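First comes the structure, then the notes that go with it.
Numbering of ligands and ligand atoms starts at 1, following listing order. Being a predicted model, the structure only gives us computed values, none of them experimental. All heavy atoms count here, side chains included; hydrogens, waters and symmetry mates do not.
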Amino acid sequence: MTRITSLAQYHSEYKKSVENPELFWSDIAQEFVWKKKWDKVLEWNFKGPDVKWFLNGKFNITENCLDAHLPKHADRIAYIWEGNDPKEANIRLTYKELYEEVCCFANVLKKYGVVKGDRVCIYMPMVPQAVIAMLACARIGAVHSVVFAGFSAASLSGRIQDSDCKIVVTSDGAYRGMKDIPIKAVVDEALEVCPGVSSVIVFERTKSKVTMIPGRDTWWHEEMKTADKHCPPEVMDSEDPLFILYTSGSTGKPKGVVHSCGGYMVFTRYSFENVFQYEPKDLFWCTADVGWVTGHSYIVYGPLLAGASSLIFEGVPTWPDAGRFWQIVDKHKVNILYTAPTAIRALQASGLEYVKPYKLDSLRILGSVGEPINEEAWSWYNVNIGKGRCPIVDTWWQTETGGIMISPLAGITPTKPGFATFPLPGIQPMLVDEKGKEILGNGVSGNLCIRFPWPSIIRTTYGDHERCRLAYFATYDNLYFTGDGCRRDEDGYYRITGRVDDVINVSGHRIGTAEVENAINMHADVVESAVVGYPHDIKGQGIYAYVISTNDKKDHELLRKEILAEVMKIIGPIAKPDKIQVVKGLPKTRSGKIMRRILRKVAEGDVSNLGDTSTLLDPLVVEEIKSGRL
Ligand code: PRX
C-alpha cells in the first residue's frame with residue numbers, strides 16, 4: 001500500500017489527492033483483490049446526497065481481509081484475545097484459523113436462511129466471536145448492525161426494528177470488570193417487540209443460566225461443530241452496503257449510518273497503515289468496543305486488510321486495578337496503543353503508582369480518539385506512557401466518515417498537544433461561518449465541513465435517505481457538515497473544539513440531548529426536561545438535566561433515582577445524567593423555544609454573564625435555576 005514515510009511526501013501526496021482525486025484513489029484501490037475492476041472511480045453530488053466510489057467494481061471485503069493473506073501469512077497472528085480476568089488463558093487466532101471460523105459461521109448464518117442484503121444484529125461482548133460474526137456477515141453479503149452491548153433492551157429493539165434484522169447473534173452473558181451482565185436476557189426482552197427476528201444464535205461465554213426458546217434460539221458451539229470450513233465469498237458491488245451502525249444526532253432517535261463495501265475497504269486500510277505507520281510484526285491494540293465505529297474500522301477491517309496483528313481486550317481499564325492497560329501492554333508487548341482521552345484521564349486520576357511497575361518499553365506509537373484531548377491528558381500520556389519517545393496521533397473522525405480524517409501520521413507530522421494537525425490525503429476540510437461562508441486563512445475558527453467526498457463517506461441513513469441529507473448535507477450548500485467546531489491556528493494546524501449541535505460527548509460516546517430528554521419525559525412525574533452538557537474532569541462532558549415535575553410533594557432524591565432508572569431502561573447506563581436539577585420552569589423565548597445557551601452557562605457554573613435574556617417569556621425562571629444549581 002502507498003505508504004507515506006516523510007513530511008515532504010505527505011505534502012506531495014496531499015497535493016496529488018486534491019488535484020486529481022480519481023487518479024489518487026484508483027492507484028490505492030489497485031492494491032486490493034477485485035473480481036472485476038471498477039469502470040469509473042467516482043460519481044458524486046452532495047445535493048442528494050449521491051456518492052459512489054469504484055463504480056461496478058466487484059469483490060468481497062473478507063477476501064481482502066482473510067484469503068489474500070493465506071498464501072504467505074496463514075500462520076500470522078490476526079488476534080490475541082485478553083479476557084476480562086487476567087488469570088484467564090489468552091486466545092490466539094492466526095489468519096488461517098480466523099478464516100476457518102469466519103467461513104464456518106458464514107455457513108451457520110446461511111443455514112438459518114440469511115442471504116445477501118439481509119440485516120443481522122450483533123449484540124455481543126468483546127470476544128473474538130463478535131469479530132467472526134461481523135466478517136461472516138460480510139462473507140455472504142449480509143449487512144451487520146452491531147449494537148454496543150451496554151444499550152438497554154428498548155434501545156436494542158428500536159435498532160433491530162429500524163433495520164428489520166432477521167437474526168440476532170449474542171452471548172449468554174458478558175464480563176465487565178466485577179460485573180457479570182446478562183446479555184441474553186436483554187435480547188429476550190428486546191425481542192418481545194421484534195417479530196421479524198426468526199433466530200438467535202447464542203455464544204456461550206459466562207455459562208450463566210439463560211432461557212433458550214425452542215425453534216428460535218440455538219448455541220453457537222453446537223452449530224459450529226457441523227459447519228463447513230469453507231464458504232465461497234459472495235460477489236459484492238462496491239456500493240453494496242457493508243454495515244449499519246446507529247449513532248446519535250441532535251434530533252430524534254439514533255440514525256442507522258450506512259457504509260458501503262468498496263470505499264470503506266480502501267479508506268480503512270489506507271488510513272490505518274498511514275496514521276499508525278504499522279510495520280509487520282507490530283502488535284496493534286485499539287481499546288474501543290466493536291459496538292462503536294472505532295472498533296469496526298480499527299479492530300476489524302483496517303488492521304485485517306493490512307494483514308496486521310491486533311489485540312482484543314474484553315475488560316475495563318480499571319479492573320482488577322488501574323494498572324490493567326499497562327499490565328497488558330507489557331504482557332503482550334503491544335507496540336501501538338489506540339485509546340480514548342476519557343480512559344487516559346481516568347487512569348491519570350488513579351495515580352502513577354499504577355503505571356510505575358510496568359516497563360512499557362514495547363510501545364512505539366500512541367493514539368487518541370473520540371473526543372478532544374485536553375493538554376494535561378496529552379502530556380500525561382506523552383510523559384508517563386510514551387516516556388517522551390512515542391509520537392501521539394490525535395485522530396479526529398466520526399461514525400459517518402468511516403475512517404480517520406484529520407490526524408498526524410505517526411512520527412512524520414510534528415504534533416502539538418490537543419491538535420489533530422492536518423487532513424489525511426484525500427480529505428478537504430473547510431471552515432465556515434454560520435451562513436456557510438468560507439473562513440479563509442490561518443488563526444481562525446469556524447464550523448468544520450468537508451468539501452469533497454472521500455471513499456468511506458456515509459452513503460445514507462438506513463431507511464430514510466432524506467434524514468441523511470438533512471443531517472449532513474442541508475445545513476450548508478454542497479458541503480458535508482460534521483457538527484463540530486474547529487480552530488485552524490497560525491500554522492494551519494486543526495484543533496477540533498467539540499460539537500456545535502445538540503450532541504454531547506460523554507466519555508467519547510455520542511449522546512443526543514433530545515434522546516435523553518425523551519427518556520426522562522417518560523417518567524410519569526415529569527412534564528418537561530432539558531438536557532445539556534457541562535465540562536467533566538474525567539468524562540470530558542457530563543450530562544446535566546433540568547427537570548420540571550408535576551408532583552410538588554415528591555422527594556427530589558427519590559425522583560432523581562427514578563429518572564436514572566428510566567434512562568437506564570430506555571437508553572442504557574451511558575446516558576445517565578450526572579446531575580438532575582428539579583426546576584419550576586425552563587427559560588423559553590416567547591415563541592416557546594428553550595434557550596439552551598442559558599442552561600449550558602448555568603450548568604458550567606458561568607452565571608455572571610448570561611447574555612441577553614430580554615427575549616425570555618419569564619426572566620425570573622433564570623434566577624430560580626441559578627439559585628438551585630447543583
Ligand atoms: O465531536 C467529534 C468527536 O466525536 C464525534 C464523533 O463521534 P462518533 O461518531 O461516536 O465517533 C467517535 C470515534 C471516531 C466527532 O464529531 N471526536 C472524535 N474524535 C475526536 C473528536 N473530537 C476531538 N478530537 C478528536 N480526535
### Message
Check K47 with D477, please: is the shortest side-chain N to carboxylate O separation under 4.0 Å?
### Response
yes
### T460 and its side-chain hydrogen bond (donor to acceptor under 3.5 Å, both in side chains) partner, picked from R469, R467, H465
H465
### Query
atom 15 (C) of ligand 1: which protein heavy atom is closest, and how many Å away?
D484 OD2, 3.1 Å
#### Entry: Non-hydrogen atoms of L409 and V393 that approach each other most closely
C-CG1, 4.2 Å
### Query
Any idea which part of N505 is under 4.0 Å from ligand 1, heavy-atom wise: side chain, backbone, both or neither?
side chain
### Ligand-residue contact atoms, ligand 1 with I496, heavy atoms, under 4.0 Å
22 (N), 23 (C)
### Query
Is the shortest distance from a Lys or Arg side-chain nitrogen in D489 or K416 to a carboxylate oxygen in the other one below 4.0 Å?
yes
### Query
Starting from atom 10 (O) of ligand 1, which protein heavy atom do you reach first, and at what distance in Å?
R510 CD, 3.5 Å
### Query
Does a side-chain N-to-carboxylate-O contact under 4.0 Å join D502 and R600?
yes
## Note on the structure
Nearest non-hydrogen protein atom to atom 13 (C) of ligand 1, with distance, is T294 OG1, 3.4 Å
## Note on the structure
Among non-hydrogen protein atoms, atom 19 (N) of ligand 1 lies closest to G370 N, 3.1 Å
### Message
Suppose we measure from atom 24 (N) of ligand 1 to each protein heavy atom; which comes out shortest, and what is that distance?
### Response
E371 O, 3.4 Å
### Query
Considering only heavy atoms of V369, which atoms of ligand 1 have at least one such atom less than 4.0 Å away?
13 (C), 14 (C)
### Summary
Closest to atom 23 (C) of ligand 1 among protein heavy atoms sits P372 N, 3.1 Å
### Sole candidate of I344, L363, T339, I392 that passes side chain to side chain contact (heavy atoms under 4.5 Å, CB included) when paired with I385
L363
### Task
Show which atoms of ligand 1 fall inside a sub-4.0 Å distance from at least one heavy-atom site of W397.
6 (C), 14 (C), 15 (C), 18 (C), 19 (N)
### Query
So which heavy atom in the protein is nearest atom 9 (O) of ligand 1, and how far is it from that ligand atom?
T399 OG1, 2.5 Å
### Query
Do the non-hydrogen side-chain atoms of T482 and Q398 ever get within less than 4.5 Å of each other?
yes
### Task
Show your working on salt bridge (Lys or Arg N to Asp or Glu O under 4.0 Å) between D537 and R345 and close with a plain yes or no.
CA-CA 8 Å; D537 284 350; R345 287 190 297 262; over 6 Å; no
